[in-house]
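First the proteins, then the strands, lettered A, B, ... as listed; each starts at 1.
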Number of protein chains: 2
Amino acid sequence: MHEEIKDMLKKNNLSITGSREKILGLFLNQEGALAHGDIEKKAGEKFDRVTVYRTLQIFVEKGIIHTIPTADNSIRYALCKDNCSEGHHHDQHIHFQCTNCHNTYCLDDIVTPDIKLPKGYVSSHIEVVVEGTCKNCKSPVA
Amino acid sequence: MHEEIKDMLKKNNLSITGSREKILGLFLNQEGALAHGDIEKKAGEKFDRVTVYRTLQIFVEKGIIHTIPTADNSIRYALCKDNCSEGHHHDQHIHFQCTNCHNTYCLDDIVTPDIKLPKGYVSSHIEVVVEGTCKNCKSPVA
DNA sequence: ACAAAAAAAGCAACAATGTTGCAAAATAAT
DNA sequence: ATTATTTTGCAACATTGTTGCTTTTTTTGT
Ligand SMILES: [Mn+2]
Ligand SMILES: [Mn+2]
Ligand SMILES: [Zn+2]
Ligand SMILES: [Zn+2]
């Protein structure tokens, strides 16, 4: 597991440092997505806030994690599982945000749908965020 | 036009004040969506920053405007055209964000698609944001 | 294993954004 | 017109994000 982390960093031409190992570890041990605040709390006790910002930034650039837009003005981050690479993401799955537990999940198997746009508009990327109740929060009988 | 603004405020049980008239006017004279920063710049010169926050908040609550999530951590706001009411939005259109001019548009005629979710997930609301080149920025010949 | 070079982390200072409580002012109701 | 209600502006503060620079750590090459 810890070797896996080092390998991932090496594969992306990143030097192995404490903060990168720690933060990447957080993502690997996490089902859903993480908001910046979560990461600061969990990792930031050991590291400077600025380091967390810079680590997340470089992880996004390298295609290790991707961002998920949400309506509450706090970006979430999640691991890329679509073989993204430096400067080129191709995450095309949708995201689910539970209004109950407030977790955000990548639904990696659900591909973003095609959207027919009005004449003149050209699409390069589609983000779909579905809100509702997640499988863990589903009411027992419903 | 100015009567229209007052009527909208009255219809929503809001008292008629300078800041509300001004900010609602901005939205009515605007094709795309407005980021908080835009509104502060255009209206905030006359009004306190706090007033802008509170005005936007109450407009959202009343169903006069809705928010649009974006990946750059700056919520955009746009007029509701779907007869939204207090506490109950039913904007079901998609949004388009131009990577060139950075405008955000409501594509009011394009309804959000149905999404087939994995077992256990229940959807209550769907947000779709398409990125690309808008009709105004389209390259001449393409 | 060591020294030199390169990269990252930490620190401090700052900018931008968002929140809250309260007194003064404006608006609405009587 | 007076009173009651609502909204505003202000001040103070909290949170979030950015930048430049020095020190420390990691990597590279020997
Ligand atoms: Mn994802
Ligand atoms: Mn819209
Ligand atoms: Zn849940
Ligand atoms: Zn454009």
Side-chain angles (χ1 to χ4, degrees), chain A residues 2-3 5-26 33-62 64-65 67-77 86 102 104, chain B residues 2-3 5-26 33-62 64-65 67-77 86 102 104:
Chain A
H2 196 246
E3 279 311 305
I5 292 175
K6 288 192 174 179
D7 283 352
M8 282 186 69
L9 292 173
K10 276 180 200 158
K11 226 171 282 171
N12 285 282
N13 291 310
L14 291 173
S15 33
I16 317 278
T17 70
S19 59
R20 288 175 183 169
E21 288 175 289
K22 172 75 180 177
I23 292 176
L24 186 47
L26 287 181
L34 291 167
H36 194 120
D38 303 331
I39 299 159
E40 261 193 35
K41 270 169 220 134
K42 293 190 190 183
E45 289 158 18
K46 274 207 71 184
F47 305 103
D48 193 86
R49 233 156 44 79
V50 179
T51 303
V52 177
Y53 279 108
R54 295 199 266 228
T55 304
L56 289 174
Q57 183 183 284
I58 204 160
F59 280 3
V60 170
E61 283 169 18
K62 291 289 187 176
I64 297 173
I65 61 177
T67 58
I68 305 167
T70 68
D72 66 347
N73 219 353
S74 78
I75 294 179
R76 315 249 154 177
Y77 298 86
E86 174 135 24
H102 298 101
T104 303
Chain B
H2 198 248
E3 279 310 307
I5 292 175
K6 288 192 174 179
D7 283 351
M8 282 187 68
L9 292 173
K10 276 181 200 159
K11 225 171 285 173
N12 285 282
N13 291 309
L14 291 173
S15 32
I16 317 277
T17 70
S19 58
R20 289 173 182 170
E21 289 175 289
K22 172 74 180 180
I23 292 177
L24 185 48
L26 286 181
L34 292 167
H36 194 119
D38 303 331
I39 300 160
E40 262 193 34
K41 270 170 221 135
K42 292 190 188 178
E45 287 157 20
K46 272 207 72 186
F47 305 102
D48 192 85
R49 232 156 44 78
V50 179
T51 302
V52 177
Y53 280 108
R54 296 199 266 227
T55 304
L56 289 173
Q57 182 183 286
I58 204 159
F59 280 4
V60 170
E61 282 169 17
K62 291 289 186 177
I64 298 172
I65 61 178
T67 59
I68 304 167
T70 69
D72 66 348
N73 220 355
S74 79
I75 294 179
R76 316 250 153 176
Y77 299 84
E86 174 136 25
H102 298 101
T104 302

B:Y53 OH to D:dA12 C1': how many Å, rounded?
15 Å
In Å and rounded to the nearest 0.5 Å, what is the CZ to OG1 distance from B:R76 to B:T67?
12.5 Å
Taking the side chain as every heavy atom from C-beta outward, state whether A:N73 and B:N73 have any pair of such atoms under 4.5 Å apart.
yes
Indicate the atoms forming the closest heavy-atom contact of A:S74 with A:A35, along with that distance.
OG-CB, 4.5 Å
First-last contacting nucleotides on DNA chain C - partner chain A, under 4.0 angstrom, heavy atom
C:dA7 to C:dG18
Sequence neighbours excluded and cut-off under 3.5 Å, please list the side-chain donor-acceptor pairs for residues 43-57 of chain A, or say none.
from: A:D48; atom 1: OD2; to: A:V50; atom 2: N; distance (Å): 2.9
from: A:T55; atom 1: OG1; to: A:T51; atom 2: O; distance (Å): 2.6

Quick one: B:H36 NE2 to D:dT16 P, roughly how many Å, whole number?
17 Å
Provide, to the nearest angstrom, the distance between the CD atom belonging to A:Q57 and the P atom belonging to D:dT18.
8 Å
Heavy atoms only: give me the nearest A:F59-A:I23 pair and the separation to one decimal.
CE2-CG2, 4.1 Å
The reported gap from CG in A:L26 to NZ in A:K41 (rounded to nearest 0.5 angstrom) is 13.0 Å
Rounded to whole Å, OH of A:Y77 lies from C1' of D:dG17 at a distance of 10 Å
Which heavy-atom pair separates A:A71 from B:I75 by the least distance, and what is that distance?
O-CD1, 3.2 Å
All heavy atoms of A:E21 vs all of A:K6, minimum pair found to be OE2-CE, 3.3 Å
Using a 4.0 Å heavy-atom cut-off, write out nucleotides 1-10 of chain D from 5' to 3' as B (base contacted by protein), S (sugar-phosphate only) or - (no contact).
-----SSBBB
Return a table of donor-acceptor pairs under 3.5 angstrom between the side chains of residues 8-20 of chain B and protein atoms on other chains or two or more places apart.
from: B:N12; atom 1: ND2; to: B:M8; atom 2: O; distance (Å): 2.8
from: B:S15; atom 1: OG; to: B:R20; atom 2: NH1; distance (Å): 3.4
from: B:T17; atom 1: OG1; to: B:R20; atom 2: N; distance (Å): 3.4
from: B:R20; atom 1: NH1; to: B:S15; atom 2: O; distance (Å): 3.2

Five-pair end axes of the helix from C:dA1-D:dT30 to C:dT30-D:dA1 and the angle they enclose, rounded to 10°:
40°
Integer-rounded Å distance: D:dC13 P and B:R49 CZ
15 Å
Taking salt bridge (charged side-chain N to carboxylate O under 4.0 Å, His left out) as the definition, give me every residue that meets it alongside B:E86, ordered by chain and number, with sequence neighbours left out.
B:K62
Should B:K22 and B:K42 count as side-chain neighbours, where that means a heavy-atom distance under 4.5 Å?
no
